[in-house]
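Here the structure is laid out as structure tokens; the discussion comes afterwards.
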Amino acid sequence: MRQKKSNFVYIGEIVERRGQIEGVIALLDELGVPINRSVEFKYSRAKSYLGMCMRLRNGERKFRILLNKSAQGEAFENIVIHELLHTIKIKDGHRGKWKAYATLVNENTDYHITRIAKPESAGKNV
């Protein structure tokens, strides 16, 4: 299989989880999920959400994914997958392509991608 060109950037302490994030990316590639390849990953200090995906306003199709530092294990990977699915078509929200690919992941892996999760569940290894 041909290697996809990627521009994944890890900002700050999140570099410690690079291997975990790249494992999730490889899984999505195996499933044929067309995630965006220009993504910055960074920890968020927010306590009100587990993850957030935003399109950067520089005219290019680049994204920043903010992740809650307290999420552990499979819960962290679920959040990474959830947010990467938003890079496919960010205006879909949790419908359309996002929902279709979340269903694909759920049906073909042990992950459980949901529309929302509560921050208190982040520390639990789902």
Side-chain angles (χ1 to χ4, degrees):
M1 185 165 103
R2 203 172 71 151
Q3 181 116 10
K4 296 182 180 184
K5 185 178 178 190
S6 298
N7 188 25
F8 295 109
V9 177
Y10 302 87
I11 300 172
E13 293 177 32
I14 203 155
V15 74
E16 297 168 358
R17 290 199 172 165
R18 180 179 182 164
Q20 194 175 8
I21 293 169
E22 289 180 356
V24 166
I25 292 167
L27 174 78
L28 293 174
D29 287 344
E30 284 178 33
L31 292 172
V33 178
I35 59 170
N36 188 284
R37 312 306 288 184
S38 292
V39 180
E40 296 177 359
F41 294 93
K42 185 177 178 181
Y43 279 134
S44 168
R45 294 182 183 166
K47 295 182 181 5
S48 60
Y49 61 84
L50 296 172
M52 178 184 292
C53 178
M54 62 185 85
R55 187 168 178 180
L56 299 177
R57 302 245 182 239
N58 59 3
E60 297 178 39
R61 201 161 137 65
K62 293 184 179 182
F63 294 87
R64 176 173 294 144
I65 292 178
L66 301 175
L67 299 163
N68 189 303
K69 194 174 188 173
S70 67
Q72 300 296 318
E74 192 173 311
F76 178 78
E77 293 170 7
N78 277 315
I79 298 162
V80 172
I81 293 169
H82 174 113
E83 299 308 332
L84 281 169
L85 294 180
H86 283 299
T87 70
I88 297 168
K89 190 172 180 187
I90 202 158
K91 291 183 180 182
D92 272 1
H94 296 112
R95 298 181 310 268
K97 290 184 179 186
W98 185 94
K99 187 174 182 179
Y101 284 113
T103 300
L104 176 75
V105 171
N106 289 338
E107 290 175 352
N108 292 284
T109 70
D110 292 332
Y111 291 106
H112 184 67
I113 310 307
T114 59
R115 188 177 68 80
I116 58 170
K118 296 180 179 168
E120 56 269 16
S121 68
K124 295 179 184 170
N125 202 1
V126 178

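Please read these numbers as outputs of a predicted model, since none were measured by experiment.
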[atom1] of [X] to [atom2] of [Y]: how many Å apart, nearest 0.5 Å?
{"X": "I14", "Y": "K69", "atom1": "CD1", "atom2": "NZ", "result": "9.5 Å"}
{"X": "N78", "Y": "T114", "atom1": "CG", "atom2": "OG1", "result": "7.0 Å"}
{"X": "R57", "Y": "R64", "atom1": "CZ", "atom2": "CZ", "result": "12.5 Å"}

Heavy atoms only: give me the nearest [X]-[Y] pair and the separation to one decimal.
{"X": "I79", "Y": "A71", "answer": "CD1-CB, 3.6 Å"}
{"X": "F76", "Y": "R17", "answer": "CD1-NH1, 2.6 Å"}
{"X": "E74", "Y": "D110", "answer": "OE2-O, 3.4 Å"}
{"X": "T87", "Y": "L84", "answer": "OG1-O, 2.6 Å"}
{"X": "R61", "Y": "N36", "answer": "O-ND2, 3.2 Å"}

Can you find a pair of side-chain heavy atoms, one from [X] and one from [Y], that are under 4.5 Å apart?
{"X": "I113", "Y": "W98", "result": "yes"}
{"X": "I81", "Y": "T109", "result": "no"}
{"X": "L50", "Y": "L67", "result": "no"}
{"X": "I21", "Y": "F8", "result": "no"}
{"X": "M54", "Y": "F63", "result": "no"}
{"X": "K42", "Y": "L66", "result": "yes"}

Can you give me every donor-acceptor pair (side chain of residues 89-96, partner residue at least two apart or in another chain, under 3.5 Å) with its distance?
residue : atom : partner : partner atom : Å
D92     : OD2  : K97     : N            : 2.8
H94     : NE2  : H82     : NE2          : 3.2
H94     : NE2  : H86     : NE2          : 3.3

### Message
Quick check against the 3.5 Å criterion: does E40 have a side-chain atom that pairs as donor or acceptor with the backbone of V9?
### Response
no

### Exam field: side chain N68 to backbone S44, donor-acceptor pair closer than 3.5 Å
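Pair absent, no side-chain N/O of N68 close to backbone of S44.
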
### Task
Mind running side chain to side chain contact (heavy atoms under 4.5 Å, CB included) on Y101 and V105 for me, showing each step along the way?
CA-CA 6 Å; Y101 284 113; V105 171; 5.6 Å; no

#### Entry: Summary of ring pair (Phe, Tyr, Trp, His ring centres under 6.0 Å) pairs that have at least one residue in residues 10-42, sequence neighbours excluded
Y10-F41

### Task
Test side chain to side chain contact (heavy atoms under 4.5 Å, CB included) on E83 and I35 and set out the steps.
CA-CA 10 Å; E83 299 308 332; I35 59 170; over 6 Å; no

### Task
Consider only side-chain heavy atoms of I, L, V, M, F, W and Y, link residues closer than 4.5 Å, and tell whether V39 and V15 are in one cluster.
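Yes, one cluster joins them.
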
